Amino acid sequence: MILPAKNSPIGDDNDLLVAVANGNSPALEALYLKYHRRLARFVSRVTPRYEIIEEIINDTFMTVWESAKEFRKASQVSTWILGIAYRTALNSLRRQKNHSDVRSLDDYLSKRSIRSVQPKSMNG
C-alpha cells in the first residue's frame, strides 16, 4: 500500500492530475489514496479475490500515470479513473476467464438492472 508523502499535494482532482502529468508522484499517491476504496468496491463486483482486486487497482494507477497527459477534461477525473478501472477489470476478466471465482461484469450489471426494473408482485 502506498502511504501519503509528507509533502503530498493538496488540491482538486484536476490539479492533481495535471501534477501527475508533469511527473509528480506524490500527486499520484494522493489520487491513489482518494480513490483506492471506491475502486476496490467497484472491482470486488468482478472478483472476490483480494490479490486480483489489488492488481487491477495497481494497473489502473499505472495507466493513470502513463496517460495523465492525455486527459482532456471532457469528463470528471473520477469518471476517467473509473473508466480506466472498468477497462482494466474487463482485460483482467479476459485473462482470468477460466477461473470460477471471477464473474462477468456484464452478467453482474445485466442481473442488477433486470432486478431493478422488475415490477413488484400484485399481492405484495
Side-chain angles (χ1 to χ4, degrees):
M1 180 174 176
I2 299 173
L3 298 175
K6 289 184 179 181
N7 59 352
S8 184
I10 305 293
D12 73 4
D13 289 353
N14 287 318
D15 293 340
L16 289 172
L17 198 56
V18 167
V20 169
N22 291 321
N24 185 317
S25 59
L28 182 69
E29 292 174 17
L31 286 172
Y32 180 94
L33 291 171
K34 180 173 182 177
Y35 287 102
H36 182 273
R37 183 173 289 154
R38 184 174 177 183
L39 292 175
R41 281 192 311 265
F42 175 71
V43 173
S44 70
R45 296 174 178 170
V46 177
T47 179
R49 293 182 51 197
Y50 175 78
E51 61 275 3
I52 294 175
I53 292 169
E54 287 300 316
E55 179 182 325
I56 291 169
I57 292 170
N58 288 336
D59 289 350
T60 296
F61 280 98
M62 286 297 296
T63 302
V64 168
W65 177 257
E66 294 166 352
S67 303
K69 289 181 180 180
E70 298 169 19
F71 181 68
R72 300 288 179 239
K73 297 185 180 179
S75 64
Q76 294 180 347
V77 172
S78 60
T79 305
W80 185 70
I81 291 173
L82 283 170
I84 292 171
Y86 176 79
R87 289 184 298 280
T88 303
L90 288 179
N91 289 335
S92 177
L93 280 175
R94 289 182 188 109
R95 288 192 307 267
Q96 303 289 328
K97 198 173 190 178
N98 296 326
H99 289 83
S100 63
D101 61 344
V102 177
R103 299 181 298 270
S104 163
L105 185 57
D106 289 332
D107 288 345
Y108 171 81
L109 292 174
S110 67
K111 288 176 185 173
R112 185 178 176 136
S113 63
I114 289 170
R115 273 189 255 156
S116 65
V117 297
Q118 288 180 340
K120 292 185 178 181
S121 155
M122 296 290 272
N123 298 331

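Only a predicted model underlies this, so the values are computations on that prediction, with no experimental measurement involved.
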Residues forming a side chain to side chain donor-acceptor pair (under 3.5 Å) with Glu51, sequence neighbours excluded |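 Side chain to side chain donor-acceptor pair (under 3.5 Å) check on Glu51 returns Arg49.
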Does Ser78 have any side chain to side chain donor-acceptor pair (under 3.5 Å) partners at least two apart in sequence or in another chain, and if so, which?
->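 With neighbours one apart ignored, the set is Gln76.
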[X] to [Y] - nearest heavy-atom pair and separation:
X	Y	result
Ile53	Ala40	CG2-CA, 4.0 Å
Ile52	Ser92	CG2-OG, 3.8 Å
Ala68	Val20	CB-CG1, 3.7 Å
Thr60	Ala85	OG1-CA, 3.4 Å

With Glu54, which residues qualify under salt bridge (Lys or Arg N to Asp or Glu O under 4.0 Å), at least two apart?
->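 Testing Glu54 for salt bridge (Lys or Arg N to Asp or Glu O under 4.0 Å), a comparison that skips the adjacent residues, returns none.
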All salt bridge (Lys or Arg N to Asp or Glu O under 4.0 Å) counterparts of Glu66, not counting sequence neighbours |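 With neighbours one apart ignored, the set is empty.
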Is Ser67 reaching over with its side chain to a backbone N or O of Thr63, donor-acceptor style, under 3.5 angstrom?
->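 Yes; at least one donor-acceptor contact below 3.5 Å.
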Do Val18 and Trp80 share a hydrophobic cluster (ILVMFWY, side-chain heavy atoms under 4.5 Å, transitive)?
->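 As far as the 4.5 Å side-chain criterion goes, Trp80 and Val18 are not connected within one cluster.
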Qualifying residues under ring pair (Phe, Tyr, Trp, His ring centres under 6.0 Å), relative to Tyr35, sequence neighbours excluded |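 Residues passing ring pair (Phe, Tyr, Trp, His ring centres under 6.0 Å) with Tyr35: none at all.
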Rounded to the nearest 0.5 Å, how far apart are [atom1] of [X] and [atom2] of [Y]?
X	Y	atom1	atom2	result
Glu70	Leu17	CD	CG	11.0 Å
Asn24	Asp15	CG	CG	11.5 Å
Leu33	Leu28	CG	CG	9.5 Å
Thr88	Leu82	OG1	CG	11.0 Å

All side chain to side chain contact (heavy atoms under 4.5 Å, CB included) counterparts of [X], not counting sequence neighbours:
X	value
Arg87	Ile84
Asn14	Asp12, Phe71, Lys73, Val77
Arg41	Arg37, Arg38

Given side chains that start at C-beta, do those of Trp65 and Ser25 come closer than 4.5 Å, heavy atoms only?
->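 Yes, side chains in contact.
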Test side chain to side chain contact (heavy atoms under 4.5 Å, CB included) on Asn58 and Tyr32 and set out the steps.
-> CA-CA 9 Å; Asn58 288 336; Tyr32 180 94; 3.8 Å; yes
